[in-house]
Every structure is written in C-alpha cells, then in structure tokens.
Amino acid sequence: MKRSGALLLFPLLLSGCDLVVLSPAGDVAVQQRDLLVVSTLLMLLIIVPVMALTVLFAWRYRQSSTTATYTPDWDHSTKLELVIWAAPLLVIICLGALTWLGTHLLDPYRRIDRIEPGQPVTQVHKPLRVDVVALDWKWLFIYPDYGIASVNELAAPVNQPIDFRITSSTVMNSFYIPALAGQIYAMPAMETKLHAVINRPGSYKGFSANYSGAGFSGMHFAFNGLSQEAFDQWVAQTRSAPAALTRDTYLELERPSENEPVRHYASVDPDLFGAILNLCVERGKMCMNEMMSIDAKGGLGLAGVRNTLPLQYDKLARRGAVFGSDPSYVASICTAEEAAAASRAARDADAKYWPLRDLSPLRGAGLLSPGTGSRRADAGTPSLGLLRFEL
C-alpha cells in the first residue's frame, strides 16, 4: 500500500517542474530543443542495448545456470567486434554531423533566417534592436529605435526578429530566457550578440545563469511576448514615464542594489550604450576605443605609460562598493560631445576629399600612390595641409 501511494505522489511531484526548455515559445529555442532530443535518442541507441545486455549476460551466465554454453577457450569473434565498434562509430558520426550543423545554424551571432518552419524572414520583418546591460543586480534594456529603456522588464512583438547587443557594467553575467533562446554571456567592455524570435504571446521568465554576487538570486526579469498592438501600447506607456535615462541617472542606477522593481525611462541618451561598452560613462573620462586608437597610432609618448594605473578602478572598485581604491580615470582629450562632433567632421572630410584613399601598410594614410594623380575631388594637385601621416 505504501508503495502504491508513493507511485501516486510521483506525478504530483513532477507537476511542479518547469519544462519550458522542452516546450519553448521561440523558434530558436525550439530548434535547440529538437537538437537536444535527437542527440539524446541517438545516444540511447547505444546506452539502452548495453544496459539490457548487461542484465541479460549477468543472468544467462550466472554460476547456477545449467543452460549456458561454457567456452573457456573463446577469445575472438569478428562479427561481434564489428557490432561492438561499428554501432557506436555510426552514432558518433551522426552526433558530430548534427552538432556541426547546429553549431553553425544556431550560432547566436547569426541572424535568424526564419520566423518559424515554413515562414522565412523577409524584408517586411524589421528586426527589433535591444541593448542589454547586466548591472549589479538588475537588468537594463535599451530600445535605441524607440529611445526608451526599462529595468527588469523586456517586451517584444510576436513573430518579429530580435537583435540583442549584450554587455555588462562590472562582472561577467549570463543573459538567459529559456523560452526564447539559449544563454549567452554578458561581459564588461565586450559586446556579445543574440538573435531570436518569440512565436507565442505570453509572459516568460528571464534571469542570470551565472553567479555574480550577493544579489544574484533576485536578478531576474519578465519577458513579455506581445501582439503588435499590445507592444505599441507598451511603448506608449513607457514614453509617458516621468524619468529619463541620462548619464548621471545611469551612474546612480549602476550602484549595486538587490530586488529592484520594474521601472521605465521615457528617453535615453543615444550614446549611453556605447559609453557603457567603452567604460566611459563619466564625463571627461577617456573611452576604451579612444585609448585603443591612440595606442594603435603610437600612443602619447612616455606620459601615456601612467595610463594603465587609473584603469585599476575598473578592475578593483565599483560605484557604491566598499572595496578598491578611490575612483580615478584617464581624462579624455575632449568632452564626449566634442569627440563625437570631431569624429563626424573627420568622416565627412574623408568622404569629401579622399574618396579613394589607400590605407595599405607602410604608407601614410591618404598619401598618393607612385605614378598616380591627385585624389582630391576639387583640385589638380594635393594640398599638403590635408595630408595625414601615421607611424
């Protein structure tokens, strides 16, 4: 009776399990589920017969058996060797082929080519761009096409491709929505990507799959798959929020906090994600890509040797943390606005005066190749004032 009661309780125990990985709502996750199921079945083709034969041999050739054939001098069978080695080899070949195809077709950096089976992605399906930032200990989602942002809430229209750009503010984290697609890491000063689509409306769970400190357990968010009309309403509601996500607002948001509620931002600094990625949200701090550009051109001389010391702040200290040295950084040569304006002006000048510029190595960028005429569009001879030399 006790045994029967335990068997009856077993389905009730399983009813509490979340089987979202085996019943996802996004096409990418569905393909990953199929790959997992097929791979498991292929391995079971070997595992199940081996387990069954182990029991059979133990029973058939037990010491008390009087029917088993006793052959103490037997040592080889070509047919048996073929079965033992050929079957696993075929399974390994099939697994290798499936894994190779799945690794390339389900590469998170690869844009999806279908909405669902039988419905390819066309020009009508404009991707929804979402910038994801893993903070301590919450998630920030920026919608650059709409100029809005949200904390711990993500929304997307059903049957529309989603292009994620993912980074982190401090330590490595892992962005994971089981119903949508596989997890991918979020790392500071690095950008990872994920492409996916949600096919069924509903509210799904997203969280961090990588331990990142004391508030890790509360680092989860809701992912809402909405109809286009409902998504438009969500965008309109977010745009009516009273707060704006500026650089100063982000620096306050970035401070470690736990179990943060959902909040919305009606507007976002358009350069914020790039500043987060390049570790230069603070006003006057040199961006990582600016420093890399300077270093690639020979650096700033001996004075630039000290530039590595202030970067320890990014490694050892966080805003609001009690450990690490006092915040410090390499000062930018110009403000963020001036740097952006100078970059745009340089690109415009290059497009106007040097449309056929040759950037091959061992020559100055923009210098004329031997035996060629001027590359300026409005003059017969080059102007020395416009030539730029690179070491």
Side-chain angles (χ1 to χ4, degrees), residues 20-21 24-32 103-116 121 125-135 137-210 212 219-226 228 231 234-235 238 245 250 262 264-265 268 270-278:
V20 64
V21 174
D27 184 65
V28 173
V30 168
Q31 295 181 67
Q32 293 172 339
T103 300
H104 288 79
L105 294 177
L106 299 176
D107 181 359
Y109 282 70
R110 179 179 180 269
R111 289 186 178 272
I112 60 174
D113 54 10
R114 74 179 197 184
I115 300 298
E116 56 186 356
V121 173
H125 303 99
K126 182 181 178 181
L128 173 69
R129 296 192 300 156
V130 181
D131 296 334
V132 182
V133 183
L135 303 171
W137 287 275
K138 57 243 172 212
W139 291 94
L140 172 64
F141 303 103
I142 302 174
Y143 292 77
D145 295 332
Y146 295 91
I148 59 176
S150 62
V151 173
N152 286 341
E153 185 180 57
L154 175 63
V158 172
N159 294 332
Q160 180 174 345
I162 310 172
D163 293 354
F164 293 103
R165 295 191 304 171
I166 306 168
T167 191
S168 174
S169 64
T170 54
V171 300
M172 184 171 70
N173 249 293
S174 179
F175 178 69
Y176 188 27
I177 306 174
L180 182 69
Q183 67 88 24
I184 188 166
Y185 286 108
M187 294 169 282
M190 296 182 66
E191 177 186 312
T192 52
K193 296 182 180 181
L194 178 65
H195 297 88
V197 63
I198 191 71
N199 300 114
R200 295 201 308 263
S203 182
Y204 307 97
K205 185 177 181 179
F207 55 90
S208 171
N210 189 84
S212 59
M219 197 173 174
H220 49 77
F221 60 91
F223 170 60
N224 300 317
L226 307 173
Q228 187 61 54
F231 178 74
W234 182 84
V235 171
T238 303
L245 188 59
Y250 171 81
V262 173
H264 297 148
Y265 296 95
V268 182
D271 299 322
L272 180 59
F273 183 78
I276 298 171
L277 181 63
N278 287 287

Main-chain N/O of [Y] paired to [X] side chain as donor or acceptor, under 3.5 Å:
X	Y	result
D107	Y109	yes
Q160	H125	no
Q32	G182	yes
R111	H195	no
R200	V158	no
T167	M190	yes

Checklist line | Audit row: M187, T192, side chain to side chain contact (heavy atoms under 4.5 Å, CB included) steps and yes/no | finding: CA-CA 8 Å; M187 294 169 282; T192 52; 3.8 Å; yes
Closest non-hydrogen atom pair, [X] against [Y]:
X	Y	value
W137	S212	NE1-O, 2.9 Å
L180	A196	CG-CB, 3.7 Å
E153	F141	O-CD1, 3.3 Å
P178	A29	O-CB, 3.8 Å
A149	L245	CB-CD2, 3.9 Å
I198	A179	CD1-O, 4.3 Å

Below 4.5 Å, heavy atoms only, C-beta onward: do [X] and [Y] meet side chain to side chain?
X	Y	result
N199	I115	yes
T238	Y143	no
P188	T170	no
Y250	I276	yes

Supply the atom-to-atom distance [X] [atom1] to [Y] [atom2], rounded to the nearest 0.5 angstrom.
X	Y	atom1	atom2	value
I177	L154	CD1	CG	5.0 Å
L277	D271	CG	CG	12.5 Å
R110	I112	CZ	CD1	9.5 Å
M172	S208	CE	OG	9.5 Å
L140	S150	CG	OG	7.5 Å
L128	Y146	CG	OH	6.0 Å

Note to self: For F175 together with F221, are the ring centres under 6.0 Å from each other?
What the structure shows: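 Ring centres of F175 and F221 closer than 6.0 Å.
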Check: Is the closest basic N to carboxylate O distance between D163 and R129 below 4.0 Å?
Finding: no
Margin query: Could you go through F164 and I184, starting from their C-alpha distance and side-chain angles, then the distance that decides it, and tell me whether this counts as side chain to side chain contact (heavy atoms under 4.5 Å, CB included)?
Written below: CA-CA 10 Å; F164 293 103; I184 188 166; over 6 Å; no
Note to self: Run the side chain to side chain contact (heavy atoms under 4.5 Å, CB included) test on M219 and F207 for me, step by step, so that the C-alpha distance in whole Å, both residues' side-chain angles and the decisive distance to 0.1 Å come before the verdict.
What the structure shows: CA-CA 6 Å; M219 197 173 174; F207 55 90; over 6 Å; no
Next item on the list: I would like to know whether L135 and V151 meet side chain to side chain contact (heavy atoms under 4.5 Å, CB included); could you show each step before the answer?
Entry: CA-CA 10 Å; L135 303 171; V151 173; 5.9 Å; no
Notebook entry, point to check: With distance as the sole criterion, is a donor-acceptor pair present between the side chains of N173 and S168 under 3.5 Å?
Noted result: no
